[in-house]
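Structure first, then comments.
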Number of protein chains: 2
Amino acid sequence: MSKSKASAGPRYQALLQLLRTSEALWNSSRIFFSKWDISPSQFNVLNVLVEQPEGLTQIELSRLLIMHRSNVTGLVDRLEDRKLIQRKDNPNDRRAYRVVLTPTGRKLVEKILPAYYEAAEQIWGDFPVKKTKELVEGLERLSENVEKFSATLGEK
Amino acid sequence: MSKSKASAGPRYQALLQLLRTSEALWNSSRIFFSKWDISPSQFNVLNVLVEQPEGLTQIELSRLLIMHRSNVTGLVDRLEDRKLIQRKDNPNDRRAYRVVLTPTGRKLVEKILPAYYEAAEQIWGDFPVKKTKELVEGLERLSENVEKFSATLGEK
DNA sequence: TATAATTAGTTGACATATGGACAATCTAGG
DNA sequence: CCTAGATTGTCCATATGTCAACTAATTATA
């Protein structure tokens, strides 16, 4: 049994700071990607597909991007409308498509990626690499804890 | 001029980890708040109002919650439908409402808050407080950098 | 004081996100 | 082989979020 005082302590504040920082980063990325007229979510789809010459099914996309499969439908629809990706029929499993980049889509990602990496460097600025590593370790550890906590919420 | 190699380095990975951790936390909070049948965004509205006996205008809410004023309209609509908050007319400025908690709304936040603080403690677990502070400092510094970077994107 | 600029809130169009229900298809067990 | 269960993708309802255009009201200024 915990003896928590149940007050707004530094650990609560830390979680809020994490959410704020992440939101600022996401908003910044929205402005960044708007130069190429795509959204961060759309970029993420293209970015995971670029390493997959065989493509991915929508379920695989939904797992990699951590979103519901029903959301992938619309995302893929809009990217297909813009000819950046293509749904290919899969003879092995007629339920599932294989979603692949079009040549246009591949060119777009490969144009954006260097700017993206460069932006990441700029954002960290003079932040020491050692500090960055510590931060990542902290975030990874926290991530695990959050997953464990979610699991305890799930069980009734 | 930077001499960046423009490759997927540790600093790019660090930003991705930040976004992943934050998303996990947000999703976890969605499950957490569903016990009281509200969303994280709705809770945030109630949570900022709890310290404001005079209430806040919707513009003030949008600034505190870092969202567009048009989004506040719907959020406030739904919370008002559920009688958790109330729009009060403001004689000093007939354009703006003062959004205040109802007694019901106040009771709800005050019931949730202790559980929320307790959850924050649980999520950190045995994470040393010193490490938490370092992490927060890193996040604050990063936040500033992101804002600066956004500003450079904004200027054409 | 008349009017120009700004501010607060709503609305509509759209993108992103979840969850439930559904049809088509695949897979396993009897 | 055949049916029961699982999987894949879509569609609907709904919530959250942006942005642009609009009205009403306030403030600043010529």
Side-chain angles (χ1 to χ4, degrees), chain A residues 19 22-24 26-34 36-46 55-82 84-99 150 154, chain B residues 19 22-24 26-34 36-46 55-82 84-99 150 154:
Chain A
L19 291 170
S22 172
E23 199 187 353
W26 186 255
N27 285 338
S28 189
S29 84
R30 192 157 36 73
I31 302 171
F32 176 76
F33 289 122
S34 73
W36 296 280
D37 201 29
I38 60 172
S39 69
S41 296
Q42 289 174 354
F43 175 78
N44 286 338
V45 173
L46 303 181
L56 293 170
T57 66
Q58 296 187 189
I59 281 285
E60 286 167 339
L61 277 173
S62 82
R63 291 202 186 109
L64 284 170
L65 303 174
I66 317 177
M67 56 172 65
H68 198 268
R69 63 190 195 283
S70 64
N71 196 29
V72 174
T73 300
L75 218 37
V76 167
D77 280 351
R78 286 181 289 274
L79 287 168
E80 194 170 35
D81 287 347
R82 296 185 47 190
L84 298 175
I85 63 180
Q86 197 191 346
R87 283 181 172 101
K88 289 203 160 174
D89 283 331
N90 182 352
N92 295 358
D93 185 343
R94 283 157 40 232
R95 289 170 306 182
Y97 301 110
R98 297 218 69 83
V99 179
S150 289
Chain B
L19 292 170
S22 172
E23 199 188 352
W26 186 255
N27 285 337
S28 188
S29 85
R30 194 155 35 70
I31 303 172
F32 176 76
F33 289 122
S34 72
W36 296 280
D37 201 29
I38 60 172
S39 69
S41 296
Q42 289 174 354
F43 175 77
N44 287 339
V45 174
L46 303 181
L56 293 170
T57 67
Q58 296 187 189
I59 281 285
E60 287 167 338
L61 277 173
S62 81
R63 292 204 185 107
L64 285 171
L65 303 175
I66 317 176
M67 58 173 64
H68 198 269
R69 63 191 193 284
S70 65
N71 197 30
V72 175
T73 300
L75 217 37
V76 167
D77 279 351
R78 286 181 288 274
L79 287 168
E80 194 169 35
D81 287 348
R82 296 186 48 191
L84 297 175
I85 63 179
Q86 196 190 347
R87 282 179 172 101
K88 289 204 160 173
D89 283 331
N90 182 352
N92 296 357
D93 185 343
R94 280 159 40 236
R95 293 169 304 182
Y97 301 109
R98 299 218 68 84
V99 179
S150 290

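Below, chain A is the first sequence line, B the second, and so on; all start at residue 1.
- Nearest-nucleotide positions on DNA chain C for Val99(B) and Arg30(B) put Val99(B) closer to the 5' end.
- Residue Arg95(A) places its side chain closer to dT7(D) than to any other of dT7(D), dT10(C), dG9(D).
- Looking at which nucleotide of DNA chain C each of Pro40(A) and Pro91(A) is closest to, the 5′-most match is held by Pro40(A).
- The side chain of Arg87(B) approaches dT10(C) more closely than any other nucleotide in the set dG17(D), dC26(C), dT10(C).
- For the residue pair Ile66(B) and Glu23(A), the shortest heavy atom distance occurs at O-OE2, 3.4 Å.
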Atom pairs under 3.5 Å: protein N/O with N/O of nucleotides 21-23 of chain C:
none

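- The residue Arg82(B) sits apart from the nucleic acid: no heavy atom pair falls under 4.0 Å.
- Across Gln42(A) and Leu75(A), no two heavy atoms sit closer than the pair CG-CD1, 4.0 Å.
- A salt bridge links Asp77(B) with Arg87(B); the closest basic N to acidic carboxylate O contact falls under 4.0 Å.
- Residue contacts shown for Asp93(A) are limited to sugar-phosphate atoms, with no base heavy atom under 4.0 Å away.
- Using a 4.0 Å heavy-atom distance criterion, Ser41(B) is classed as a sugar-phosphate-only contact.
- Of the candidates Trp36(A), Phe33(A), Phe32(A), Trp26(A), Phe33(A) is the only one forming a ring-ring contact (aromatic ring centres under 6.0 Å, His included) with Phe43(A).
- Closest to the Thr57(B) side chain, of the nucleotides dC26(C), dA20(D), dG9(C), is dG9(C).
- Under 3.5 Å, the side chain of Ser70(A) and the base of dG19(C) form at least one donor-acceptor pair of N or O atoms.
- Side-chain proximity of Asn71(A) to dG9(C), dG17(D), dT16(C): nearest is dT16(C).
- At a threshold of 4.0 angstrom between heavy atoms, the contacts of Ser39(B) are confined to the sugar-phosphate backbone, with no base atom among them.
- Remark: side-chain polar atoms of Arg69(A) are not paired, donor with acceptor, to backbone N or O of Ser62(A) under 3.5 angstrom.
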